[in-house]
Asker: 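Provided herewith is a single structure, encoded as C-alpha cells, for subsequent inquiry.
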Amino acid sequence: MVVVNILHMSSGVGESSYAKNSTLQETVIQKALPFLKHAIMGIANPGVMFGQCFKIADLGCSSSKNTLLVASNIIDVVIDLCKENNLKTPQLQVCLNDLFENDFNNLFKLLPDFYAQLEKKQGAKFGPCFVSAVPGSFYGRLFPDQSLHLVHSANSVHWLSQVPEGLENNALNIYIAKTSPPNVFRAYQKQFHTDFTKFLRSRSEEIVCGGCMILTFLGRGNADPTTDDCGVFWELLAHSLESMLKEGLVQESDINSFNMPIYTPCEYEVRDVIHSEGSFSLDNLSLFEVNWSPNDTDYTNIKDLRNEPIQSLGENTAKVVRAVAEPLLTSHFGNSIIDQVFKKYGERVAEHLAKKNPRHTMLVVSLTKTTMKK
C-alpha cells in the first residue's frame, strides 16, 4: 500500500463523506483549544510573532469545516494578543496541508464564507489573511527554511507514512490486536519512531527559532496497545471483515494482507522521540479523552441492545470510521463490500458499547523550536 497516494478522508459532501461525519474531530479540536491558546501566548513577543506577516501551517488539514475552524481559532487568539499588547495586527498567511488525494476543492468552496465571517467579526480594517494549499506528506519538507511561526496539526500525526514491514503473521487482524504476535507491536512502534523523527526534523528546518508547534493526535493511556482506547476499535472492524469471510464475501488472503497505517503511541514513546531528535523543547504533553460516538457525551444513553439510542451510537461510530477508513478499504477490497462491512461494524460497536464505556485517548503536545539540526 502506497499510503501517500491512497490515504485521504472520504471526499465530497455526501452522507458518508468526512465533511458530514467529522463531529468527533471537531470535539477534539475544541478540547485542545486551551492548549493552543497557551502555546501562542508563549511566542507572543515582537521578535517572533509581531512581524510583518505571521505564518501558520495546519498539517493534515483534511477537507471539512473543521479546517477553517482551526484557522479561525488561531486568528482570534493572535488578534486578541495584539490588542492586549497594543500592537498592529500582522498580515496572516495560513497554509493548509494534506496528502495529494485530499479534497482541497471542498475547502476552497468554504473560503468565501470564511473570509466574510472574518471580516464581520474583525471589521473591514482587519489586515489581509492569505489562505493557500500545500499538498504533500508532512513526513518530508513542505516549506522553505525558517518560514513558519506556528505549526498546528489535529487528528493526523497518528497516521503513518507506510504500513510497517514484517506483518505477514498478523493473520485476520488489521492492526495490533490481542491475538497479534509480539513482532507486530514492535514493527508498528519502530515505524512510528521513524516517522515522528522525520516529522520533527522537517519541521525543525521550517519553523523559526522561538516558533511553536502544537499537535493533537490519537494515543493510548498505558503501555498495552490492545486496550479499548486504541486496539479494540480496529479489532471490531477486523471481526466484521472476518464475518464476511465466513459468508464468502471476502478472501482470507485479502484480510491477511491488509493492515492499517496508524499507530497510537503512549506518552513515553512521544517524549523519547522528541528528546532524541533534539530540535524542540517540550512545553506540555497532556492527555484527554473523547467518546467513541460523536453524538454521546456521557454514555447516559447506553443501557442495552434493545434500547434504540445504543444502536444509533453504534451506527454513528461506524459513520465516523467509514469517513476515515473507506478509501483505504476500497483500494484493497473494492467498493462492493463497503456498505455491508460498516453495517456489521456498527452492530459490533453497539454490542461493545452495551458492555463497556470506551473512549479515545488524545495526546496534546506543545513544542517550541530551540535549535537548527545540522
Side-chain angles (χ1 to χ4, degrees), residues 1 3 6-7 9-10 16 21 24 158-160 162-189 191-192 218-220 224-265 291-293 305 311 313-356 358-361:
M1 182 188 297
V3 172
I6 298 172
L7 178 61
M9 305 299 99
S10 293
S16 62
N21 296 282
L24 181 64
H158 46 256
W159 291 107
L160 301 173
Q162 65 178 61
V163 174
E165 297 178 354
L167 303 184
E168 292 79 10
N169 60 345
N170 197 28
L172 297 179
N173 296 313
I174 63 171
Y175 183 57
I176 306 167
K178 292 179 177 65
T179 57
S180 296
N183 70 285
V184 172
F185 172 47
R186 292 194 296 269
Y188 270 101
Q189 189 177 46
Q191 188 64 51
F192 170 77
L218 282 167
R220 64 183 195 273
D224 184 359
T226 66
T227 53
D228 270 356
D229 63 351
C230 47
V232 171
F233 195 71
W234 299 110
E235 275 191 66
L236 296 174
L237 184 55
H239 293 162
S240 302
L241 288 166
E242 189 175 355
S243 69
M244 297 187 71
L245 167 63
K246 294 175 181 177
E247 297 172 15
L249 299 175
V250 298
Q251 299 295 317
E252 183 172 356
S253 59
D254 287 339
I255 301 177
N256 289 342
S257 59
F258 180 81
N259 288 279
M260 291 295 294
I262 196 168
Y263 184 68
T264 53
N291 294 340
W292 279 16
S293 172
L305 288 173
Q311 296 287 4
L313 292 177
E315 291 170 2
N316 289 332
T317 302
K319 288 179 180 179
V320 171
V321 177
R322 178 171 182 169
V324 169
E326 181 174 357
L328 291 171
L329 290 168
T330 299
S331 71
H332 190 82
F333 296 98
N335 287 308
S336 61
I337 71 162
I338 298 300
D339 287 341
Q340 193 166 350
V341 75
F342 282 105
K343 181 177 185 297
K344 291 178 180 292
Y345 181 65
E347 294 168 353
R348 289 181 179 274
V349 169
E351 291 173 3
H352 190 73
L353 291 175
K355 302 171 187 175
K356 296 186 177 182
R359 290 174 170 84
H360 295 296
T361 296

Asker: Quick one: NE2 on His158 to CD1 on Ile262, what's the gap to the nearest 0.5 Å?
Answerer: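 His158 NE2 to Ile262 CD1: 4.5 Å, rounded to 0.5 Å.
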Asker: With rounding to the nearest 0.5 Å, note down the distance linking NE2 in His239 to NZ in Lys344.
Answerer: 13.5 Å
Asker: Could you walk me through whether Leu241 and Asp254 pass the side chain to side chain contact (heavy atoms under 4.5 Å, CB included) test, one step at a time?
Answerer: CA-CA 10 Å; Leu241 288 166; Asp254 287 339; over 6 Å; no
Asker: Aromatic rings Tyr188 and Tyr175: how do their planes relate, parallel, tilted or perpendicular, breaks at 30° and 60°?
Answerer: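 Because their plane-to-plane angle is over 60°, the rings of Tyr188 and Tyr175 count as perpendicular.
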Asker: Closest heavy-atom contact between Arg348 and Ser243?
Answerer: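 Result for this residue pair: NH2-CB, 3.7 Å.
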Asker: Do the side chains of Phe258 and Val163 get nearer than 4.5 Å, heavy atoms only?
Answerer: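 Heavy-atom side-chain distance check fails, nothing below 4.5 Å.
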Asker: side-chain hydrogen bond (donor to acceptor under 3.5 Å, both in side chains) for His332 and Ser257? Distances and angles first, verdict last.
Answerer: CA-CA 9 Å; His332 190 82; Ser257 59; 3.1 Å; yes
Asker: Heavy atoms only: give me the nearest Asn173-Ala238 pair and the separation to one decimal.
Answerer: CA-CB, 4.3 Å
Asker: Check Glu315 with Lys319, please: is the shortest side-chain N to carboxylate O separation under 4.0 Å?
Answerer: no
Asker: State, to 0.1 Å, how close Ala187 and Pro164 come at their nearest heavy-atom pair, and which atoms those are.
Answerer: O-CB, 3.6 Å
Asker: Do Arg322 and Asp339 have side chains that approach each other closer than 4.5 Å (heavy atoms only, starting at C-beta)?
Answerer: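 Side chain of Arg322 against side chain of Asp339, heavy atoms only: contact under 4.5 Å found.
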Asker: If I take atom CD from residue Glu326 and atom CG from residue Asn335, how far apart are they, to the nearest 0.5 angstrom?
Answerer: 7.0 Å
Asker: Grab the two heavy atoms, one from Leu218 and one from Pro265, that are nearest each other, plus how far apart they are.
Answerer: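 The pair with the smallest heavy-atom distance is O-CD, 3.4 Å.
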Asker: Is there a side-chain contact between Leu245 and Leu172, using heavy atoms and a 4.5 Å cut-off?
Answerer: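 A side-chain contact under 4.5 Å exists here.
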Asker: Is there a side-chain contact between Leu167 and Ser180 in this structure, where contact means two heavy atoms from C-beta onward sitting under 4.5 Å apart?
Answerer: no
Asker: Among Thr317, Leu329, Val349, whose side-chain contact (heavy atoms from CB on, under 4.5 Å) with Phe342 holds?
Answerer: Leu329
Asker: If you measure from CD on Glu168 to CG on Asn256, what distance do you get to the nearest 0.5 Å?
Answerer: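 It is 10.5 Å, given to the nearest 0.5 Å.
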Asker: Would you give the length of the straight line joining atom CG of Leu236 to atom OH of Tyr345, rounded to the nearest 0.5 angstrom?
Answerer: 6.0 Å
Asker: Which heavy atom in Ser240 sits nearest to a heavy atom in Val341, and how many Å separate them?
Answerer: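 So the minimum-distance heavy-atom pair works out to CB-O, 3.9 Å.
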Asker: Got more than 12 heavy atoms from elsewhere within 6.0 Å of CD, Glu247?
Answerer: yes
Asker: Are Ile176 and Trp234 close enough that some pair of their side-chain heavy atoms sits under 4.5 Å apart?
Answerer: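 With C-beta onward as the side chain, the pair stays apart.
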Asker: Side chains of Phe333 and Ile338: closer than 4.5 Å at any heavy-atom pair?
Answerer: no
Asker: Is there a donor-acceptor pair under 3.5 Å between the side chain of Asn169 and the backbone N or O of Pro181?
Answerer: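 No, Asn169 side chain to Pro181 backbone: no donor-acceptor pair under 3.5 Å.
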Asker: Using every non-hydrogen atom in the two residues, find where Met244 and Gln340 come nearest and quote the distance to one decimal.
Answerer: CE-CB, 3.9 Å
